[in-house]
Amino acid sequence: QVQLMESGGGSVQAGGSLRLSCAASGYMYSSYCMGWFRQAPGKEREWVAVIDTDGDTAYSNSVKGRFTVAKNNAKNTLYLQMNSLKPEDTAMYYCAADNIYGGTRCPMIIQYEYTYSGQGTQVTVSS
């Protein structure tokens with residue numbers, strides 16, 4: 001059974017940093033697209049970052065230059081380092097995984113919902 005469990009959320013002031021982690025189990029982690037999306041109350045889901053099996057990454061324009069996605073295949077763990085946080089980054093953050101294209105081409109569009117996602121971890125940024 002595939003399981004994704006996020007951790008590391010919390011409350012910080014604007015300009016601060018947080019690192020989210022996502023522990024994965026139950027599948028061949030290294031051959032999957034992995035990523036983070038977020039959703040704030042009353043707002044549409046927004047992709048934040050994805051990473052493919054080769055370690056290539058992609059980011060939304062809203063977080064580019066501030067967030068970094070990375071993974072540790074030995075630990076089956078995905079990370080999201082978030083720096084220079086802004087109040088508009090406040091949202092529930094979810095980890096997601098999908099085997100589309102064997103993990104080599106990872107979509108970052110709302111229309112495609114990854115097969116697996118976790119329960120989420122809350123990030124709150126105050127001004």
Side-chain angles (χ1 to χ4, degrees):
Q1 183 178 359
V2 175
Q3 288 189 324
L4 300 172
M5 184 171 296
E6 303 94 339
S7 61
S11 297
V12 295
Q13 290 192 324
S17 298
L18 283 173
R19 188 176 83 153
L20 306 184
S21 298
C22 172
S25 63
Y27 66 104
M28 291 185 66
Y29 171 87
S30 60
S31 64
Y32 274 58
C33 286
M34 299 290 297
W36 295 91
F37 65 90
R38 64 188 181 186
Q39 189 160 23
K43 293 188 177 181
E44 193 177 47
R45 177 181 296 190
E46 177 190 18
W47 273 105
V48 174
V50 295
I51 184 167
D52 69 15
T53 55
D54 293 327
D56 293 328
T57 58
Y59 299 89
S60 68
N61 288 333
S62 61
V63 307
K64 198 172 296 183
R66 300 187 297 122
F67 291 12
T68 302
V69 62
K71 61 179 181 175
N72 184 323
N73 289 338
K75 294 184 177 181
N76 282 7
T77 302
L78 179 73
Y79 303 98
L80 184 68
Q81 178 66 44
M82 306 185 295
N83 298 328
S84 302
L85 282 161
K86 304 176 181 180
E88 51 264 43
D89 294 318
T90 295
M92 186 73 81
Y93 283 70
Y94 299 88
C95 168
D98 198 289
N99 190 231
I100 185 171
Y101 304 123
T104 59
R105 289 157 54 193
C106 302
M108 254 183 87
I109 56 175
I110 295 299
Q111 293 82 355
Y112 186 85
E113 187 169 333
Y114 279 32
T115 303
Y116 306 107
S117 61
Q119 294 299 307
T121 186
Q122 177 68 37
V123 171
T124 302
V125 184
S126 59
S127 57

Restricting to non-hydrogen atoms, name the atom on [X] and the atom on [Y] that form the minimum distance, rounded to 0.1 Å.
X	Y	result
Met34	Cys95	CE-SG, 4.0 Å
Ser21	Thr77	CB-CG2, 4.3 Å
Tyr59	Lys64	O-CE, 3.7 Å

Do Asp52 and Tyr101 have side-chain N/O donor and acceptor atoms under 3.5 Å apart?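 Not at all, the side chains of Asp52 and Tyr101 share no donor-acceptor pair under 3.5 Å.
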
Distance from Met92 atom CE to Thr124 atom OG1, nearest 0.5 Å?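 So the gap between those two atoms works out to 9.0 Å.
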
First locate atom SG of Cys22, then atom CD of Gln3, and finally report the distance between them rounded to the nearest 0.5 Å.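 Spacing of SG (Cys22) from CD (Gln3) equals 11.0 Å.
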
More than 12 heavy atoms from other groups under 6.0 Å of CD on Glu88: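 Yes - once you tally the heavy atoms of other residues, nucleotides and ligands closer than 6.0 Å, there are more than 12.
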
Counting only heavy atoms not in Gln122, do more than 12 sit closer than 6.0 Å to its CD atom?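 Yes - once you tally the heavy atoms of other residues, nucleotides and ligands closer than 6.0 Å, there are more than 12.
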
State, yes or no, whether a side-chain contact exists between [X] and [Y] at a heavy-atom distance under 4.5 Å.
X	Y	result
Val63	Arg38	yes
Asp89	Met82	no
Val69	Val50	no

My understanding is that only one of Phe37, Trp47, Tyr32, Tyr94 makes a ring-ring contact (aromatic ring centres under 6.0 Å, His included) with Tyr114; could you say which?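 Exactly one candidate clears the test, Trp47.
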
